[in-house]
Amino acid sequence: MLRDEPVDRNTLAEIVAGDIEPGSFVNLGIGQPTLVSNYLTAERDVTLHTENGMLGMGRAAKEDEVDGDLINAGKIPVTETPGAAYFHQADSFAMMRGGHLDVCVLGAMQVSATGDLANWHTGEPDAIPAVGGAMDLAIGAKKVYVMMNLYTRDGEIKLLPETTYPLTGVGCVSRVYTDHGIFDLSESGTVTVKALFGMTFDKLQSESEIEFVDATGN
Amino acid sequence: MLRDEPVDRNTLAEIVAGDIEPGSFVNLGIGQPTLVSNYLTAERDVTLHTENGMLGMGRAAKEDEVDGDLINAGKIPVTETPGAAYFHQADSFAMMRGGHLDVCVLGAMQVSATGDLANWHTGEPDAIPAVGGAMDLAIGAKKVYVMMNLYTRDGEIKLLPETTYPLTGVGCVSRVYTDHGIFDLSESGTVTVKALFGMTFDKLQSESEIEFVDATGN
Amino acid sequence: MTKIVDTAAEAVANIDDGSTVLIGGFGNAGQPMELIEALLDGGATNLTVVNNNAGQADEGLALLIKERRVDKIICSFPRQSDSWHFDEAYRAGEIELELVPQGNLAERLRAAGAGIGGFFTPTGYGTMLAEGKETREINGRNYVLEYPIHGDVAILKAFKADEKGNLIYRKTARNFSPMMATAAKQTIVQVEEILPTGSLDPENIVTPSIYTDVMVAIETESTALAAREQGAK
Amino acid sequence: MTKIVDTAAEAVANIDDGSTVLIGGFGNAGQPMELIEALLDGGATNLTVVNNNAGQADEGLALLIKERRVDKIICSFPRQSDSWHFDEAYRAGEIELELVPQGNLAERLRAAGAGIGGFFTPTGYGTMLAEGKETREINGRNYVLEYPIHGDVAILKAFKADEKGNLIYRKTARNFSPMMATAAKQTIVQVEEILPTGSLDPENIVTPSIYTDVMVAIETESTALAAREQGAK
């Protein structure tokens, strides 16, 4: 797939949603991945997991629905869908760690060619660290997808031969969705480019020492 | 305590029941320990645990109460008491292993002076082994009591310096109730004789190399 | 997504020879008799079975063993007064036995479902069931290292389900089933009744739908027992 | 046996200086605000606190930290937009932080309650949070060895209790409380309402009475929220 322009976050969320198999159980990380839920139509019958103890999480609560006892992992009030189930935190993380979720979609600061993920800590000495469920989510599904901008605000590429920030998980990411393209990762470090948005393969290859394989169908 | 005669199983069960603190959570093993429940009056407010997934187990079911979905660890149909709770086998054994029960009462083939317990296997080569929850029960309470006859049918004493049968648990028994007396065990191997029934201290001491301490108050 | 099928035979149709089959139940309570019968009729063989027991009398798991479909059983309490089919197979050297203390069995199944690689348990330390196993003293207590037990398939009995696959159980028939549902690649459940999604209170679900792959509604004695209990109130 | 007391102050009266206190809640959901306030009023200090977070805004755990009663916190997610009291204490070097991935935190609390001496978890392997920890490859996957977290006391919020001490929770306010109830020497619970024993369905109990030591009935917003939900049906 090729597009002339980079895609915006909503378009990217729609693309991710389209790649999730109907009937899947999915955890959407905080931030950009949350947008995916807007494109998961009822017919897709996707069940959302929130790691603070619920399967069948619904949309964000409207003002008159807000219930302090019903929040998501980002501490945002949400709603309940029919067929939902509540459970405690140990059962909830057992569900992730045990590989029962079909897909996790996470944000990232950096991803390596072999699927190493850095998304919790810049490593700056004065930063107060907070990991939450990030390391559990990183290893917490059959497929772990990352959704991020390909470049930092300073123009540095975030898909790297090796990450430089402290790791969240080792070799855990299978696919990366970005505003400039979609990438399948592999243990060997070969990265298959599934789609490019407003960028040529040559331009991409010129920016990185990663061994890219062009599968955009161009 | 001294009595002129050995005590029968029911009398011994009544003595054990009398030693269980009001409000305790208790697991009674299969066989002789089950008799203890007959002497746990309502005022004692003792809650019975059965390792197949229940707190608040009631008495054995009468004929018209028999429910195949409500059985105890011996697979005997039982009843439910107000305030009961059901849970799965992992939670049930977590309750034992985590040391939450106040007392377990178990049968035994042999007990050592240091509290080693043998109650699951004679070690005979042609015996089909079956352990069930025995090893979990052995380490599964704040206090583990044994109830047994002091002698085998062949007249061999079952409270020994060291067990000869395969172990169920190491150093786990704190007290032994028998037809001939009651014994407190210790890590050091010193056994304190709390009561004797139809037996003198000298007779007991003559039969064993255990270092007995007479606390019968005689 | 949970698939609802019409018969026990369809439910167990894709259990292959050589599978590790986790079978729910403690004695007969919670034992999925109809699924086991279908498995017997279906002919799958060379199975490894995980259950607390090794069958009672002449039904369910006991018949699988009688017919020599089970190469190996992992259980805590095989020998009972009515375990004659197991006893015979065992004495004939025709079934392998891995004896596991009951709490370790439950915890090893939980570990499999929870992605835990191994755990240190005090149960069995110093006994012949820990021979050859790694041990460690932690904070003054001795432990044995035990590993997860994974299943290819779990066959379970629950009480009620909703169409989405959420499950509740009845009384002590719950026993091993919630762990087994998490520990197998495929979980097949017989339930008394499948209700419309939304009928079960989300607070009371014991096995969330994510773990249920195949369901079949089969009414057993449990339905009558529950009705009797309701009537008595 | 569960003791029922009349006030939050009585409930927390015997929490000693230097205790390890497990505090339920994920953010404000399930956080036992009234018990924490009583702990604040009671003056206990030099505490080690275990919670998912390190307090929000100007209530509950945040105030305990503001008042420098907490020497150390074991949590997964201290830094939030409104964690200013923690941030200040941390930057001043006046609070020690043990950062634990959330699932490992939950599992370590469960292990403490379940008598497990340690367990191998894949979470955190290869990261700075596993530095110095024992690791092991098991069946081709890499794991970190983690140990239980025991508490001297747990202070929790549940939804309903019966007089015997059985507990149920409400929605995602359940979170860490069921594990914490099992992991502490003493478990203290604030509940919306204490019902006569026999009022709760034995199938639906989340925390069995054996884990509950002290209870106090305190009505909070949860009661109104549940009533609103009932009304909406």
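Chain letters run A, B, ... following the sequence lines, proteins first, then strands; residues in each count from 1. Excluded from the calculations below are hydrogen atoms, water molecules and symmetry mates; all remaining heavy atoms, backbone and side chain alike, are included.
What you find for D/Asn53 and D/Ile73 is that their closest heavy atoms are O-CD1, 3.5 Å. C/Leu61 and C/Gly55 make their closest contact through CD2-N, 3.7 Å (heavy atoms, listed as atom of the first residue, atom of the second, distance). When all heavy atoms are compared, the tightest approach of C/Ala130 to C/Gly124 is CB-O, 3.3 Å. In terms of heavy-atom proximity, C/Asp16 sits nearest to C/Leu47 at O-CD2, 3.8 Å. Nearest heavy atoms, D/Ser76 versus D/Asn52: OG-OD1, 2.7 Å. Here the closest non-hydrogen pair linking C/Pro32 and C/Ile23 is CD-CG2, 3.8 Å.
Contact annotation for residues 98-118 of chain D against chain C (heavy-atom separation below 4.5 Å, listed by residue number): D/Glu107, D/Arg110, D/Gly115, D/Ile116, D/Gly117, D/Gly118. For a heavy-atom cut-off of 4.5 Å, chain C lies close to D/Tyr169, D/Arg170, D/Lys171, D/Arg174 in residues 169-197 of chain D. Scanning residues 205-224 of chain D against chain C with a 4.5 Å non-hydrogen threshold yields no residues. Contact annotation for residues 134-147 of chain D against chain C (heavy-atom separation below 4.5 Å, listed by residue number): D/Glu134, D/Arg136, D/Ile138, D/Tyr143, D/Leu145, D/Tyr147.
The side-chain heavy atoms of C/Ile4 and C/Glu163, taken from C-beta on, include a pair separated by under 4.5 Å. Residues C/Ile74 and C/Thr20 have side chains not in contact (no heavy-atom distance under 4.5 Å, counting atoms from C-beta outward).
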Check against side chain to side chain contact (heavy atoms under 4.5 Å, CB included), D/Ile15 and D/Ile155
CA-CA 10 Å; D/Ile15 299 181; D/Ile155 58 176; 4.0 Å; yes
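A donor-acceptor pair shorter than 3.5 Å cannot be found between the side chains of D/Thr45 and D/Asp17. Checked by atom type, the side-chain pair C/Asn28/C/Gln56 shows a donor-acceptor distance below 3.5 Å.
In this structure, CD in D/Glu37 is found 11.0 Å from CG in D/Leu39, a value given to the nearest 0.5 Å. A distance of 9.5 Å separates CD1 of D/Ile168 from CG of D/Asp162, quoted to the nearest 0.5 Å.
Counting non-hydrogen atoms of neighbouring residues, nucleotides and ligands closer than 6.0 angstrom, the NZ atom of C/Lys3 reaches no more than 12 such neighbours.
Of the residues listed (D/Val49, D/Val50, D/Thr48, D/Leu97), the one engaging D/Lys72 in a side-chain contact (heavy atoms from CB on, under 4.5 Å) is D/Thr48, and it is the only one.
No donor-acceptor pair closer than 3.5 Å links the side chain of C/Ser19 to the backbone N or O of C/Val21.
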